[in-house]
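The next block holds one structure in the form of structure tokens; read it before the comments.
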Amino acid sequence: MNILDELNPAQREAVEAVNGPVLILAGPGSGKTMVIAHRVAYLIKVCGVSPHRIMAVTFTNKAAREMEERLHRLVSSSVRELTLGTFHAICARILRNEGRAVGINPKFVIYDDEDQISLIKRSLKEVDLDPKQYAPRAIVSAISAAKSRMLPPKDYIEQGRSYFDEIVGRVYERYEQILTENSGLDFNDLLMKAVQLFRNKSDISSRYQARYLHLLVDEFQDTNLTQYELIKQLGGKYHNICVVGDPDQSIYSWRFADLRNILSFEKDYPEAKLVLLEQNYRSTKKILDTASYIIEANQQRKPKELWTNNELGELTTVVETYTEQEEAQFVVNEVERLVSEGKASLGDCAIMYRTNAQSRALEEAFVRYGTPYKLVAGTRFYERREIKDIIAYLRLIQNPHDSVSLMRIINVPGRGIGQQTQAKLSSWAKSMGVSQYEALPVMAKPEVKETAHQPFFNSRISQTLTDFGNLMEEFIAHSQELNLVDLFDLVVERSGYKNYILGGIEEEERWENILELRTVVQQYRDFKPQDGLTDFLEGVTLVSDVDRLDRSVDTVTLITLHQAKGLEFPVVFIVGMEDGILPHFKSFDDPAQMEEERRLCYVGVTRAKQRVYLVRAFRRNLMGSSTVSRPSRFLNDIPQHLIQGGGLWSGEESQITKAIYSWNEAPAPSLNNVALKAGDHVRHAQFGNGVVVSCQLVTDDSEVVVAFIGAGVKKLLLSFAYLEKVE
DNA sequence: CGAAAGGCTCTTTTT
DNA sequence: GAGCCTTTCG
């Protein structure tokens with residue numbers, strides 16, 4: 001088979017331009033992943049480049065895996081030698097191998113953002129600031145921003161202009177100290193330290209530059225400055241850098257992805273070849289049209305001409321429902337309808353939303369109707385308490401200096417080591433200049449043992465701490481010779497965690513989670529004991545939820561718009577098409593962010609091959625209270641000829657919206673004259689007679705639930721339902 | 001020390 | 001509505 005056979009001219013150009021830098025701007029569904037795969041295959045098979053000398057960076061681990069599979073089919077020879085993965089995974093590997101040269105403990109732990117938050121809280125307290133006054137999240141974000149620009153605390157403080165900067169500077173400084181003491185790296189560090197390594201160690205840098213003859217970067221629009229810097233360094237010798245991206249699909253600026261990288265690329269490599277992939281192979285004409293109208297309303301963008309030879313297809317369906325429950329119900333019904341009419345299978349359908357919280361109502365509806373679904377995130381698997389607890393044990397075994405993990409599990413399950421004791425342990429450790437683990441009685445350095453800690457702990461506490469220390473020592477000793485599965489079982493059993501879960505609340509579900517983690521562990525059974533642990537921990541920290549998505553099972557997919565990037569589905573529902581949700585209200589006051597919200601919507605629509613539904617609810621529960629909202633302004637940018645209405649949608653602002661807003665502007669005096677209570681008999685023009693089930697005051701209105709004879713149970717707004725009381 | 005209850009705040013997206 | 005923190009009581 002010829003590698004170039006199935007490519008169109010532009011794609012072929014992108015594959016064949018192997019010498020020098022290449023910038024590929026690729027629209028949605030234009031086959032960019034295929035182009036990357038074919039380019040790698042071409043390099044190996046036609047140009048005779050050793051896979052060992054190629055690095056391909058993907059956005060998720062899943063994308064990396066798929067790439068590997070594709071390549072396996074294209075080039076039968078081994079692709080194992082390829083460097084293939086996310087920036088974070090690749091950097092972690094580099095740092096494990098080379099970090100020693102810049103003082104990085106090769107057994108470093110990687111702290112995820114939850115760990116990061118707790119570290120920031122600790123840092124705040126340690127520099128005498130109140131975590132309540134200074135939101136840890138905001139500080140994490142400021143520090144991440146600094147790290148994305150590779151600013152160490154010292155420079156950050158020097159450049160600080162505001163009071164907040166100064167606060168952040170102080171915390172940042174302490175935070176870095178704690179990281180060092182713990183041999184811990186956060187996500188940003190993985191990238192930043194790798195760049196610093198190459199900057200400071202020219203021998204290592206030239207070794208890597210000499211090795212990587214070809215570099216490829218997917219989703220280039222979502223890289224940050226550090227990542228770009230890394231690519232420039234690695235490609236410093238050969239300049240064979242191929243980046244692929246789509247500015248219209250840039251949706252990670254909040255993670256400090258910087259679109260300017262695309263401009264910088266053109267500037268840094270003026271000789272770069274530009275290839276445009278504009279033919280869409282995924283969507284129908286009407287879907288592509290709808291998407292184009294949405295994205296074209298953005299001001300800050302270069303126009304591009306997307307086209308497709310696909311059929312015209314169906315109109316985009318816009319639907320309006322009353323509540324989020326009805327929204328969910330509509331989605332389930334519609335899915336069932338499509339399936340029963342043979343127009344789609346369950347696996348063809350994806351429901352996309354802006355915020356994770358929206359999945360709840362959807363899930364409930366799917367459960368109620370018994371329609372199989374899979375949720376991509378929700379509470380993320382690796383963020384579940386029991387999972388993080390067990391992982392903390394394993395982390396501590398690998399790196400006893402990791403005080404975040406230590407503090408997490410020292411009293412889980414309860415061992416009688418409470419806050420007081422932990423605080424004492426921590427301050428004692430600090431005064432002795434050792435890690436908390438070393439400060440445990442059994443671990444104390446011989447010269448300070450016994451005497452030094454005696455004043456602090458009574459004999460009972462001291463014994464408890466010793467027991468815990470001995471337990472960990474036992475684990476560490478076993479970790480030298482046991483395979484990971486046996487070590488895992490030992491930890492779960494001997495730590496008392498198993499008994500702690502069995503007998504606790506939600507025992508079944510939590511135990512199942514442990515067992516699911518165990519199946520992950522099994523993949524590392526045949527590794528050498530130490531390597532298994534290291535690789536497992538790294539994998540576990542750097543996986544994303546999308547990585548765990550299994551498309552082979554025929555169920556509906558519930559997924560956030562962000563996670564949906566790079567995927568495609570025959571049928572796509574986007575729910576929560578409301579101002580405040582999409583676009584999210586947090587973005588309202590920033591035009592740049594509003595454009596990103598629009599891109600997010602665009603990404604969602606362009607995932608679809610056959611059908612798109614845009615659904616909104618009039619009333620929705622947000623943080624406990626009921627809120628009314630207007631249709632997403634993005635809906636206004638889709639011309640009528642591409643839309644068909646469903647539900648209550650009538651084209652522009654719907655009947656409901658009009659009624660409510662006109663009422664809000666001029667409150668109807670009659671409202672308060674209608675006093676309804678549960679048990680009252682009422683009549684409705686359309687639904688007929690019924691009985692009031694409940695009556696509840698909501699923002700500016702009364703919400704009445706009525707059981708109608710024949711029409712069933714309805715939730716109505718008193719202000720426009722015009723219920724008539726029947727005696 | 002720890003379980004339970006009450007009160008508080010803040011809600012986006014994730015490698 | 002939930003998660004986090006504090007308070008209270010055994």
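Reminder, nothing fancy here: chain letters follow the sequence lines and each chain counts from 1.
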Whole angstrom value for the distance that separates [atom2] of [N] from [atom1] of [X]:
X: A:Arg137; N: B:dT13; atom1: CZ; atom2: C1'; value: 11 Å
X: A:Lys424; N: B:dC1; atom1: NZ; atom2: P; value: 8 Å
X: A:Asn61; N: B:dT15; atom1: CG; atom2: P; value: 9 Å
X: A:Asp590; N: B:dT13; atom1: CG; atom2: P; value: 18 Å
X: A:Phe256; N: B:dT13; atom1: CZ; atom2: C1'; value: 13 Å

Aromatic A:Tyr602 / basic A:Arg599 pairing, under 6.0 angstrom, 45° off normal: no

Report yes or no: is the cationic atom of A:Arg415 (NZ for Lys, CZ for Arg) under 6.0 Å from the centre of the six-membered ring of A:Phe468, at an angle within 45° of the ring normal? no

Angle between ring planes, [X] versus [Y], binned at 30° and 60°: parallel, tilted or perpendicular?
X: A:Tyr373; Y: A:Phe366; answer: tilted
X: A:Tyr212; Y: A:Tyr208; answer: tilted
X: A:Tyr252; Y: A:His562; answer: perpendicular

OP1, OP2 of [N] versus side-chain N and O of [X]: anything below 4.0 Å?
X: A:Thr60; N: B:dT15; answer: no
X: A:Lys121; N: C:dC5; answer: yes
X: A:Asn356; N: B:dT14; answer: yes
X: A:Thr541; N: B:dT15; answer: no
X: A:Gln563; N: B:dT14; answer: yes

Is there a Watson-Crick or G-U wobble partner for C:dG10 with both distances under 3.5 Å, and which nucleotide is it? B:dC1

Evaluate the criterion salt bridge (Lys or Arg N to Asp or Glu O under 4.0 Å) for residue pair A:Arg633 and A:Asp579; output intermediate values, then yes/no. CA-CA 6 Å; A:Arg633 60 194 69 185; A:Asp579 263 18; 2.9 Å; yes

So what does A:Phe87 touch, heavy atoms closer than 4.0 Å: a base, only the sugar-phosphate, or nothing? nothing

Check nucleotides 2-7 of chain B against the protein and report each pair of N or O atoms closer than 3.5 Å, with its distance, or say if there are none.
from, atom 1, to, atom 2, distance (Å)
B:dG2, OP1, A:Gly416, N, 2.9
B:dG2, OP2, A:Asn411, ND2, 3.0

Closer to the 5' end of DNA chain B via nearest nucleotide, is it A:Gln420 or A:His88? A:Gln420

May A:Trp254 be described as stacking on the base of B:dT13, applying a 5.5 Å centroid limit and a 30° limit on plane angle? yes

